[in-house]
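Structure record follows, encoded as structure tokens.
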Amino acid sequence: MSNQRFKAINDSQNRSRIDIKEDRRRSELFATKVFNEEKMIQHLTKDALESVKGAIFAGSKIDRKIADQVAEAMKGWAISMGATHYTHWFQPLTGATAEKHDAFFDLLADGKALEKFGGGQLVQQEPDASSFPSGGIRNTFEARGYTAWDPTSPAFVYDTTLCIPTIFVSYTGEALDNKAPLLRALNSVDDAATAVAKYFDKNVSKVNATLGWEQEYFLIDKSLAYSRPDILMTGRTLIGRSAAKGQQLDDHYFGVIPQRAISFMKDLEKECTKLGIPVKTRHNEVAPNQFELAPVFEEANLAVDHNLLLMDVMEKIADRHKFKVLFHEKPFAGINGSGKHNNWSLSTDTGVNLLSPGTTPMKNLQFLTFFINTIKAVDTYEELLRSSIASASNDHRLGANEAPPAILSIFIGKQLSEVLDELEGVSQGKLSPEEKTELKLNVVGKIPEILLDNTDRNRTSPFAFTGNKFEMRGVGSKTNCAKPMTVLNTIVAKQLKEFKKEVDELIAKKNLKKDEAVFNILREYIKKSKRIRFDGDGYSDAWEKEAKRRKLSNNKTTPKALEVLTSKKSLDLFKSMKVMSETEVRARQEVELEAYILHIQIESRIYSELVYNQVIPSTIEYQNALIQNVIGMKDIYGAAHSKFSDGQFSIIEQIAEHVAALKKMTDAMTETRKKANALSDTHKKAIAYCENVKPYFEGIRTHCDSLEHLVDNRLWPLTKYRELLFIK
Ligand code: ADP
Ligand code: MG
């Protein structure tokens with residue numbers, strides 16, 4: 001066995017497990033490292049507390065003096081928790097999080113030292129962040145971007161650093177991050193949904209979008225992962241023959257979690273609990289070494305921060321347990337990849353889930369209103385929603401028949417479809433008293449009962465109603481949920497605004513009662529948004545054809561999917577909902593395209609390295625051994641040797657053919673890359689990478705994987721799938 005592979009396997013086998021003691025109850029540990037309301041009550045003056053709460057719940061500004069007080073209290077608390085540094089924690093457009101640590105420590109003019117952290121440092125910072133992608137918003141020579149405190153997401157102490165969640169914006173006011181647009185989208189859905197919710201309950205004064213994500217991931221022994229240049233550099237295996245046993249036996253799914261993985265999870269959950277991430281479930285997923293973790297849902301901005309923090313914490317804890325976590329959407333060919341379902345709903349400050357049917361006809365009419373408006377919003381902006389989950393790595397799943405397809409459609413189940421069908425038949429204008437009774441009692445009134453046994457689940461649907469929330473299933477495991485959540489909340493906000501306008505007009509002009517007007521508009525929406533509803537098999541070819549007939553988009557690649565971002569319709573939407581200006585949207589499109597190009601470029605380079613530095617040399621070594629053997633046979637048997645060396649000959653030839661093909665393809669790929677690099681237009685370059693460079697990957701992989709099968713196991717340099725996936 002090659003040295004690197006042997007050493008990796010040996011290392012992985014000599015691991016001892018870290019025992020994690022559950023010394024305290026989860027509820028006692030919860031949020032101990034978070035400067036949440038409880039800590040604020042303890043540490044802040046009444047004025048400061050009121051002011052921060054005002055900022056959290058009503059978006060009011062915090063004045064400088066109060067900010068100083070909050071900073072002082074936060075510093076005291078953080079130091080008592082062992083913090084020595086603070087950082088503004090933000091989400092640049094790279095998709096990950098960023099931080100720049102500063103010590104609390106400062107020197108006075110007289111040389112004395114003190115711990116310093118004032119309102120100024122809390123509220124605003126100017127990181128030297130000129131190298132973050134900005135899509136041209138901010139030229140690097142004028143690297144002026146600043147981070148600003150987001151009081152709606154509480155500060156926390158991680159390790160020895162006080163982390164303050166912030167937005168990242170340019171001095172000209174444009175968002176340079178994923179959080180600022182999300183906050184604006186949440187604001188706009190709050191406005192729109194509150195106005196509509198008031199039709200049903202005057203006491204509603206705020207609506208929060210809620211998000212419950214489900215994070216899938218792979219755990220691979222660290223030394224095994226690091227023995228593979230492709231995993232190390234790209235997060236996935238670019239080559240590798242499927243193991244004889246994969247997931248076909250379904251013996252991993254919901255099975256007993258391996259001991260080493262369990263101790264990692266315990267450690268992780270303990271840390272998450274302290275950081276206020278309400279992790280709740282853990283289980284094995286379908287593929288070997290694949291797992292899932294899900295928290296209790298939270299307000300969407302907080303949930304997004306918690307997901308990003310979780311991914312960061314996971315990497316650190318994994319390292320302690322000598323694991324590497326793979327967040328890539330498709331780390332291994334031939335077995336399932338990973339996603340991150342986004343469960344989404346709207347919830348009022350009166351404690352009502354607007355997507356949960358209630359006990360009275362009025363509550364159910366409210367449910368139907370939000371339910372149907374969401375369907376209409378997704379129908380109108382399906383292509384835009386698809387674009388929000390586009391990335392080089394997620395392209396491996398969407399449309400690859402294991403995750404939801406690249407076509408967006410909505411599954412609502414048979415019973416709710418029947419309800420919508422009945423509503424569609426309601427007559428226009430004023431309703432007769434009989435009609436009203438019939439509607440309220442027999443259609444709307446029956447919804448809660450219907451949902452009780454609404455058990456049919458469609459796993460192939462990208463956007464499914466699951467009883468009291470919608471579940472967006474195409475989100476990639478690596479994706480920052482802020483992206484899909486920004487689009488989803490913006491389109492729902494826009495839709496609800498339009499709905500309110502139309503209902504009010506009907507009430508005013510046609511003298512209809514409120515519920516009559518609501519029924520009238522909903523009926524029209526049901527009719528107009530029919531094409532988006534699909535309860536069948538989303539993986540089938542028949543659906544692809546049918547979707548085309550319905551004029552639903554089917555953008556299978558990222559460069560194609562991103563085009564819609566800058567359509568007039570999308571630009572108008574973001575502008576009218578005050579979520580993003582045209583400059584901001586264009587910048588994001590540019591950044592996403594650039595990221596796409598870089599990912600494919602790196603993968604392509606690694607392919608060349610693997611082929612030239614690993615696969616061909618070890619293959620030739622084996623081929624030489626065979627040649628020596630044939631020569632030996634000839635020495636012994638003379639002309640009769642072919643009787644004994646036919647097999648060897650055949651392998652020598654097969655190897656020669658694969659090597660020749662590999663070299664040809666790899667060189668041709670490099671040529672297309674050079675041509676693509678010469679293009680200056682980012683979109684054209686991304687298309688060139690997608691359509692000219694990437695298609696070589698499959699062929700190169702096939703030859704490498706055939707060689708893995710032919711070549712002596714002892715000589716093969718790369719850790720094999722069976723070793724990566726089955727060694728515990
Ligand atoms: P499953 O989908 O596995 O059957 P659940 O229905 O209990 O499990 O919930 C799945 C996920 O949906 C969980 O992560 C949970 O936090 C989230 N969720 C439940 N209710 C809501 C809601 N109202 N808003 C957002 N997410 C929710
Ligand atoms: Mg789910």
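By convention here, the first residue in the shown sequence is residue 1. Start at 1 and go down the list; that is how both ligands and their atoms are numbered. Being a predicted model, the structure only gives us computed values, none of them experimental.
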**OP:** Under 4.0 Å, heavy atoms only, figure out whether ligand 1 is touched by the backbone of P295, its side chain, both or neither.
**Re:** backbone

Original post:
Under 4.0 Å from ligand 1, counting heavy atoms only, is it the side chain of N343, its backbone, both or neither?
Top reply: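 The answer is both, backbone and side chain.
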
Original post:
Does L368 reach the side chain of L420, with side-chain heavy atoms less than 4.5 Å apart?
Top reply: yes

**OP:** Evaluate the side-chain proximity of K478 to E329: yes if any heavy-atom separation is below 4.5 Å, no if none is.
**Re:** yes

Original post:
Can you name the salt bridge (Lys or Arg N to Asp or Glu O under 4.0 Å) partners of K528, sequence neighbours left out?
Top reply: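 Testing K528 for salt bridge (Lys or Arg N to Asp or Glu O under 4.0 Å), a comparison that skips the adjacent residues, returns none.
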
Original post:
Taking only residues two or more places apart in sequence, or in another chain, which ones meet D150 in a salt bridge (Lys or Arg N to Asp or Glu O under 4.0 Å)?
Top reply: K179

Heavy-atom contacts with [X] under 4.0 Å: which atoms of ligand 1 show up? List them by number with element.
| X | value |
| --- | --- |
| K469 | 5 (P), 6 (O), 9 (O), 12 (O), 18 (N), 19 (C), 20 (N), 21 (C), 27 (C) |
| N353 | 23 (N) |
| V296 | 16 (O) |

**OP:** Assess T466 for proximity to ligand 1: is some non-hydrogen atom of it under 4.0 Å away?
**Re:**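 T466 does not count as a contact of ligand 1 under the 4.0 Å cut-off.
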
Subject >> contact_flag S356 ligand 1 heavy-atom lt 4.0 Å >> reply: no

Original post:
Under 3.5 Å between some N or O of ligand 1 and some N or O of E471?
Top reply: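 Such a contact does not occur with ligand 1.
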
Identify the heavy atoms of [X] and [Y] that sit nearest to each other, and give their distance.
| X | Y | answer |
| --- | --- | --- |
| A392 | H396 | O-CD2, 3.7 Å |
| G276 | V34 | N-CG2, 3.8 Å |
| S188 | K497 | O-NZ, 4.2 Å |

Original post:
Among W344, F297, F470, whose heavy atom sits nearest atom 21 (C) of ligand 1?
Top reply: F297

